[in-house]
Amino acid sequence: MVRAPLCSQATEADSLAQSFESAYGRWIVRAISVAVCLLAWQAASRFRVDLGIITFANVPGPTDVLFAAIAFAKSPKVFAHIATSLTRVFAGYAIAVVVGIGLGLAIGKSRRAADLLSPPLELLRPIPAVAWIPLAVLMFPSSELSMIFITFIGAVFPILLNTVHGVENVDPRLIASARSLGGTRQAILWEVILPGAAPSIVTGLAVGMGTSWFCLITAEMISGQFGIGYFTWESYTLQNYADIVLGMVLIGMLGMGSSYLLRRIGAALTPWHTPEELRR
Amino acid sequence: MSRRELSARHKGGRIDAEHVSIRLGSGADAFEAVQDVSFTIEPGEFVCILGPSGCGKSTLLGALAGHIKIAKGSLHVDSENVGGPHPDRGIVFQHHTLFPWKSARDNVAFGPKMRGIRKAERRRLASEMLELVGLSDFAHRYPKQLSGGMQQRVEIARVLVNRPRLLLMDEPFGALDALTRLMMQELLLAIWQRVPTTIVFVTHDIDEALFLADRIIVMSSRPGRILEVIEVPFARPRPTEIMASQEFGKLKAHCLSLLRSTLDGNALQRLSPLGITADARN
């Protein structure tokens with residue numbers, strides 16, 4: 001993001017040069033900021049800083065984490081952990097996408113479907129997905145399925161609500177026009193309502209991706225065999241403290257990566273409605 | 001061209017309205033928007049419905065389009081009762097209703113697509129229509145990349161590609177600046193010469209009505225009734241200079257006094273061809 005400096009008297013060329021300069025300058029400031037944080041972290045763990053209410057005595061430093069990452073990357077378990085987590089997230093998420101968009105279209109489009117489906121969904125919605133974990137373990141024959149269910153629950157409500165919201169906000173004049181142009185109910189659903197609701201659905205998909213990662217990691221910490229959440233918690237029980245931080249970093253990276261992927265897909269699907277920051 | 005000659009040239013597009021009343025709203029808020037309106041419009045005629053804001057002229061247009069049900073009377077187009085919306089009765093709103101996710105050409109191709117015409121053919125039809133409204137170079141643009149006038153031209157092309165018997169227009173140029181509006185009025189007359197159809201054009205702009213119409217139906221303030229039907233004598237094609245003529249001035253003064261007589265000083269909320277509240281659900 002390049003923001004022109006607040007200088008009304010500068011000529012256009014000047015302000016352009018300044019904004020380039022300030023763009024570089026800002027990147028340098030940002031890099032310094034990160035470096036300072038890393039250094040402070042390194043120092044705190046190296047000198048085992050104890051501030052009374054918080055202690056860095058057992059916190060691994062950045063270099064420890066780096067070495068742990070190298071060791072982890074070489075171990076055969078790395079692929080299993082990451083692949084397991086990704087499979088679970090995408091399985092639960094994919095089902096949530098189908099169910100969330102499907103139910104959302106039905107509720108947004110038809111009053112009868114709204115009356116039929118909304119009350120039970122409204123009762124279930126306030127229950128955080130994480131609170132489902134014990135019951136999910138009881139309900140499903142394998143812990144694998146219960147974890148997929150938890151990620152599903154985490155993602156389905158944001159997707160559902162945003163779809164309903166999107167469908168309800170489709171301009172009724174567009175639907176009227178489509179009917180005047182000979183559109184059948186089915187055609188209007190595909191040609192008008194779905195694309196009209198698409199920007200809102202994409203928002204729901206992005207939010208849902210975040211919550212499904214959050215739910216998966218929690219579920220894996222409680223009942224997992226493999227997976228990044230499991231790896232992180234296992235490192236704690238095995239006292240591999242550097243691996244805890246490594247697990248956290250991996251969780252962050254995976255979450256960020258899938259959000260990025262989703263935003264890109266969303267932008268590709270709604271080219272008429274691309275938010276500015278995705279254009280570049 | 002006389003009205004009889006017009007009907008000989010056009011196969012369809014005759015409107016018969018008999019004692020039409022339309023009620024809007026529900027319960028205690030219900031009111032009569034249109035009251036006991038009867039008129040006949042010949043095939044190929046250009047009729048403006050002129051009236052003050054909120055008088056029910058857009059409501060009447062919505063009924064012709066099939067978006068609003070009438071409470072009393074009968075409404076026939078070519079002896080067929082107006083049921084629901086139909087591509088034979090195309091409508092253009094004050095603000096464009098182009099699909100934001102479709103290019104100008106794909107917007108125009110929507111009607112043919114709904115008729116099941118294959119892609120290459122409907123693209124050809126759409127390009128032809130865009131050429132007619134002078135937008136060949138903008139076929140690939142999204143609606144929001146077009147100016148207000150261009151958006152309305154695409155909208156008109158999208159309706160006309162269906163070769164409708166009626167072209168219903170609800171203050172289509174009301175949101176445009178004065179110069180663009182004048183150019184759009186000339187363009188509409190030129191298009192109408194090439195794609196003959198019955199046009200019912202709702203406006204509150206007296207100049208616009210006099211410049212465009214064969215006849216003007218002047219409506220009263222709410223509940224909308226017909227005050228007078230005015231024959232507009234100017235020969236076609238009409239140059240914009242007629243607006244400065246004495247005859248034009250006389251008619252304009254007459255329309256103005258009619259409109260003034262019906263207003264009690266309280267401007268009403270604008271009604272839409274979709275009723276008062278339009279809901280996405282059905």
Side-chain angles (χ1 to χ4, degrees), chain A residues 103-118 162-202 265-276 279, chain B residues 61-62 64-68 83-104 106-117 140-145 155 157-164 166-168 170 272-275 277-282:
Chain A
L103 288 182
L105 284 177
I107 292 173
K109 185 111 202 321
S110 123
R111 269 210 184 97
R112 197 172 301 162
D115 291 341
L116 202 65
L117 297 169
S118 292
N162 278 283
T163 306
V164 172
H165 178 79
V167 171
E168 283 176 346
N169 280 293
V170 172
D171 187 346
R173 298 175 322 124
L174 292 190
I175 296 170
S177 263
R179 291 176 69 204
S180 272
L181 294 166
T184 58
R185 279 180 77 96
Q186 176 110 8
I188 288 171
L189 179 66
W190 286 107
E191 297 271 346
V192 183
I193 293 174
L194 202 57
S200 178
I201 294 175
V202 167
I265 295 171
L269 288 177
T270 56
W272 70 94
H273 186 272
T274 311
E276 289 301 321
R279 285 245 171 89
Chain B
L61 200 75
L64 280 169
H67 290 299
I68 294 176
H86 193 278
D88 266 350
R89 287 175 268 114
I91 182 161
V92 174
F93 293 88
Q94 179 173 19
H95 295 283
H96 82 90
T97 60
L98 298 174
F99 305 124
W101 46 89
K102 286 180 186 284
S103 67
D106 287 346
N107 261 290
V108 178
F110 183 81
K113 187 175 185 181
M114 293 301 105
R115 273 183 279 146
I117 291 173
H140 296 283
R141 296 247 188 131
Y142 285 119
K144 76 169 177 189
Q145 296 170 316
E155 184 101 15
R158 185 173 72 167
V159 166
L160 287 182
V161 76
N162 291 326
R163 304 284 161 166
L166 304 187
L167 173 55
L168 307 167
D170 180 39
S272 115
L274 301 179
T277 51
D279 196 319
R281 299 193 204 204
N282 42 38

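Sequence lines set the chain letters: A, B, ... in the order given, protein chains first and strands last, and positions in each chain run from 1. What's counted below: heavy atoms across the whole structure, side chains too, no hydrogens, waters or symmetry copies.
Put simply, the side chain of W272(A) does not reach to within 4.5 Å of the side chain of P143(B), judged on heavy atoms. Counting heavy atoms from C-beta outward, D171(A) and T97(B) have side chains that stay 4.5 Å or more apart.
H96(B) touches chain A through its backbone: at least one of N, CA, C or O sits under 4.5 Å from a heavy atom, while the side chain does not. With a threshold of 4.5 angstrom between heavy atoms, R158(B) approaches chain A through its backbone and through its side chain. For a residue to count as touching a neighbouring chain, one of its non-hydrogen atoms must lie under 4.5 Å from one of that chain's; by this rule Q145(B) does not touch chain A. Interface residue H86(B): only backbone heavy atoms are found under 4.5 Å from chain A. Interface remark: L168(B) contributes no atoms to any contact with chain A (heavy atom separation under 4.5 Å). Contacts between A198(A) and chain B at a heavy-atom distance below 4.5 Å are absent for every atom of the residue.
Heavy-atom contacts from other residues, nucleotides or ligands closer than 6.0 Å to CZ of R115(B) number more than 12.
Chain B forms the most heavy-atom pairs under 4.5 Å with one residue out of V192(A), L181(A), T184(A), and that residue is L181(A).
Here salt bridge (charged side-chain N to carboxylate O under 4.0 Å, His left out) pairs that include residues 89-104 of chain B, with residues two or more places apart or in two chains, are E191(A)-K102(B).
Considering only residues two or more places apart in sequence or on other chains, F110(B) meets the ring pair (Phe, Tyr, Trp, His ring centres under 6.0 Å) condition with F99(B).
The shortest non-hydrogen separation linking P112(B) to V161(B) is CD-CG1, 3.7 Å.
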